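Keep in mind that what you see is a predicted model, and the values were worked out from it rather than measured. All residue numbers in this chain count up from 1 along the given sequence.
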Amino acid sequence: MRRTLTLFVIVALLLPLAGATRAQEQADPVTLLPQSVLDAIADEVSGALAFNHTLELGSYERDRFREEYEGTYRESEYISRMARLYGLSDVQIERFRQERPTWDAEQGDLWMIEPQKRLIISYRDVTACLATGSRSADVTAELVYVGRGDKESDYQGRDVKGKIVLASGPVGAVHTQAVLRFGAAGVVSFFNGTGKPVDHPDQIGWSGIGGFGGSQGAQREPTFGFILSHRIGMELLDRLERGQKVVVRAQVKTTEYPADMEVTTATIPGDGTTDQEIMIVAHVFEGIAKQGAGDNFSGSATILEVGRAMVKLIKDGILPRPRRTIRFLWVPEISGTTAYLRAHPEEARRIVAAINMDMVGVNLTKNGSALRLYRNPDSLASFVSDVAQQFFEYVGETNREKVHNRRIAYAFSRPIVDPTGTRDPFYYGIEKYYGSSDHVVFVNMGIPAIFFNHWPDKAYHTSEDRPWNLDPTQLKRTAFIGVATASVLASASATEAVRLAALSAGYAHRRIGEAMNEALKLLSQSQPADLPTNYKEAVALLTHAYDREARTIASVKTMAAGSSVDPTVAKRIERIEAELRTGQTNDLARLRNAFQALAEQFGISTAEPELTPAERTAAALIPVRKSGASSAPSGGPGFPQASGGETLTGFHAMEARAYADGTRSILEIRQHISAELGPVPIERVIAFFRELEKRGEVEIRQR
């Protein structure tokens, strides 16, 4: 009986293995890399090593001593040492002058004096509790609650002069009102910018009061700000609401150091057949005080692992020696990338693609997260996004259980799992362009750049951004996608460009189908009064999609630039692009038929809607950016800022500038930005360019 049962168990255990020899009912995705190479990359990349780097770099917030400001930051020392150990070439640390000194804290203690003496919070224990930019002080004063405290009306009927304000609003905005306007001695806030203080009651969000390098003309000098967790803030508020007098003492000691920006660089040299370069970047600094494991060290750790794995795979003959040099940058966020590219304009001209990793490797289950690929903006449509997307989809499809394949095994078909990490499925998203990290610097220079980012990250910019919020399995998967993407981009020859064009054409047809779906849905939801307007928007959606996808395919010609290959390569790419465009006429006819059918149903005119007077005006105006004028928003290379008064703001403004290349009318630009980002009135777009004309940034010509 026992022997029979044992045999049954053995057979049952072997059945899944025997089934693995049968064909899958749902096959794994194919990519530009053969399966044997994908398997080798998956075996080589290590999430554990990347995780260990984050432990070395950001296991806790370390205090910096004067010697470090006067020498080399420990992060730069560590990364450069490991890069050399791993066999990367040309490893060096470059320094760039900063105009403003760097703020540094030495002490930040907030005590309750009355009704009892006890320590409320200390910078020694939680560095995020002291707002960056705080000045030295030793103040004992009554604590008063002012609500949010970030607007003038919060102070009506309240005397806060010489007192310490407790507020629920952002510490910087509260400090501006309470201290600089109404003369408070300092600020204590329990605001948490993550928006989830109830879910994370002990979390403290990083923030600051501004004013680095001086008060910058304020009527009163800045003082200090403390940031508390929701729990501690509620405890103090409870005392005040029960009528207790609360007296607190704030002891703050800070200083400022002249400090250079440090950029660590390394390369995997190309084979000399082209001077083109691929750049892989991550920020290791975001200011100097904040030292988050996820933001800012996870990306830096992962690209270090990408470099190590690529060097090893090339040495082992798994990956070819790249044609294009792969250059790695570890930078102060945005400012360091900007400084480096300005100092090396010859390198900037050679870059054909950039990959930015920022906040990667987040534990998916803890954060309800997914790894996001943020594509290039539509104005800079590029095949580079498609190269990465195929590997996102590959990992996503092979690292989840599929009911179709359960007869083979209850498992991932191609597991990419670190032995020190979770066995979570791989969740991912393919997103539209978003700024806020180093890729924007490249995009603003016209260089295609993609962005890897795990979102949401519930520890983002908080005291809980520590290594335990990360997952070695997700770090491994991110490194896998990074190696695969960089290998294709760096090694593709001019003759292989046609394969890249075919890849983008496949995605192009998918995205055009999605645009047609959105256009038809817009028509289907129309009422008689808005059907003509919605039809115009539907046509804009589809026309924009075809234009974007044709430019995406055409961008592949970059891979053949500067090469002595057969010129028919470019012609073959152009044939693929031309074939795509042939579908536009038929698809526009389908939209027209749907519009006319609905118009007949509503009993309204089936004629093509005419242009409005404002649209006719815009169709005759062609804006041209003047030489030296950037396509970046006026706020600089980071988040898009309001631009042009009440005309266009944010990404609408960014993309409108980018499209103003002298080939498109204001009406055409309006159609492009509306299709990509949501409809905006044509009058606002005209006003936007008239404002830029007044500033001398564009010239507007008559068609």
Side-chain angles (χ1 to χ4, degrees), residues 378-379 515-516 518-520 522-523 525-548 550-551 581 584-585 587-600 602-626 629 631 643-703:
D378 286 2
S379 63
M516 174 63 86
E518 290 301 311
L520 289 172
L522 183 60
L523 294 183
Q525 297 164 5
S526 299
Q527 299 300 316
D530 60 15
L531 179 62
T533 299
N534 286 349
Y535 174 61
K536 287 183 181 180
E537 299 295 350
V539 170
L541 278 169
L542 194 60
T543 303
H544 171 75
Y546 270 100
D547 176 80
R548 177 193 64 216
R551 288 185 286 110
R581 288 186 180 275
Q584 184 170 351
T585 301
D587 279 346
L588 287 172
R590 293 187 183 99
L591 272 187
R592 190 180 311 110
N593 288 337
F595 161 71
Q596 291 175 342
L598 286 166
E600 290 172 1
F602 293 147
I604 63 176
S605 173
T606 61
E608 290 273 335
E610 295 183 355
L611 295 180
T612 66
E615 288 171 340
R616 284 195 295 271
T617 297
L621 302 176
I622 300 177
V624 186
R625 283 198 314 274
K626 290 189 176 179
S631 64
S643 181
E646 295 301 317
T647 56
L648 296 180
T649 59
F651 292 115
H652 280 92
M654 182 190 81
E655 285 291 78
R657 291 168 183 264
Y659 279 116
D661 60 359
T663 67
R664 300 176 178 90
S665 70
I666 291 179
L667 178 60
E668 290 169 324
I669 292 172
R670 184 269 169 199
Q671 308 298 58
H672 280 300
I673 64 175
S674 294
E676 179 183 2
L677 301 165
V680 289
I682 186 62
E683 293 80 4
R684 286 178 56 193
V685 186
I686 295 172
F688 172 76
F689 281 110
R690 288 300 187 192
E691 180 68 24
L692 294 188
E693 184 181 38
K694 288 180 183 177
R695 297 180 190 177
E697 295 182 32
V698 302
E699 175 187 353
I700 298 179
R701 301 170 183 168
Q702 289 283 335
R703 173 168 278 173

What's the spacing between [X] [atom1] and [Y] [atom2] if we round to 0.5 Å?
X	Y	atom1	atom2	answer
Tyr535	Ser526	OH	OG	12.0 Å
Thr606	Arg592	OG1	CZ	11.5 Å
Leu531	Phe595	CG	CZ	5.0 Å
Arg690	Thr647	CZ	OG1	13.0 Å
Met516	Leu542	CE	CG	5.0 Å

Please report the shortest heavy-atom distance between [X] and [Y], naming the atom on each side.
X	Y	answer
Pro609	Pro532	CG-O, 3.7 Å
Ala658	Ser379	CB-OG, 3.5 Å
Ala538	Leu591	O-CD1, 3.6 Å

- Could you give me the CA-CA distance, side-chain angles and deciding distance for Arg664 and Asp547, then say whether side chain to side chain contact (heavy atoms under 4.5 Å, CB included) is met? CA-CA 12 Å; Arg664 300 176 178 90; Asp547 176 80; 4.3 Å; yes
- Parallel, tilted or perpendicular: which fits the ring planes of His544 and His672, with parallel below 30° and perpendicular above 60°? perpendicular
- Test log, rule salt bridge (charged side-chain N to carboxylate O under 4.0 Å, His left out), inputs Glu697 and Arg657: CA-CA 10 Å; Glu697 295 182 32; Arg657 291 168 183 264; 2.7 Å; yes
- Arg548 and Glu676 ion-paired at < 4.0 Å: no
- Message: Donor-acceptor pair, distance only, cut-off 3.5 Å: does the side chain of His652 make one with the backbone of Gly678?
- Response: yes
- Taking it one step at a time, do Arg670 and Glu537 satisfy salt bridge (charged side-chain N to carboxylate O under 4.0 Å, His left out)? CA-CA 11 Å; Arg670 184 269 169 199; Glu537 299 295 350; 2.7 Å; yes
- Item | pair Thr617-Ile666: side-chain heavy atoms closer than 4.5 Å | no
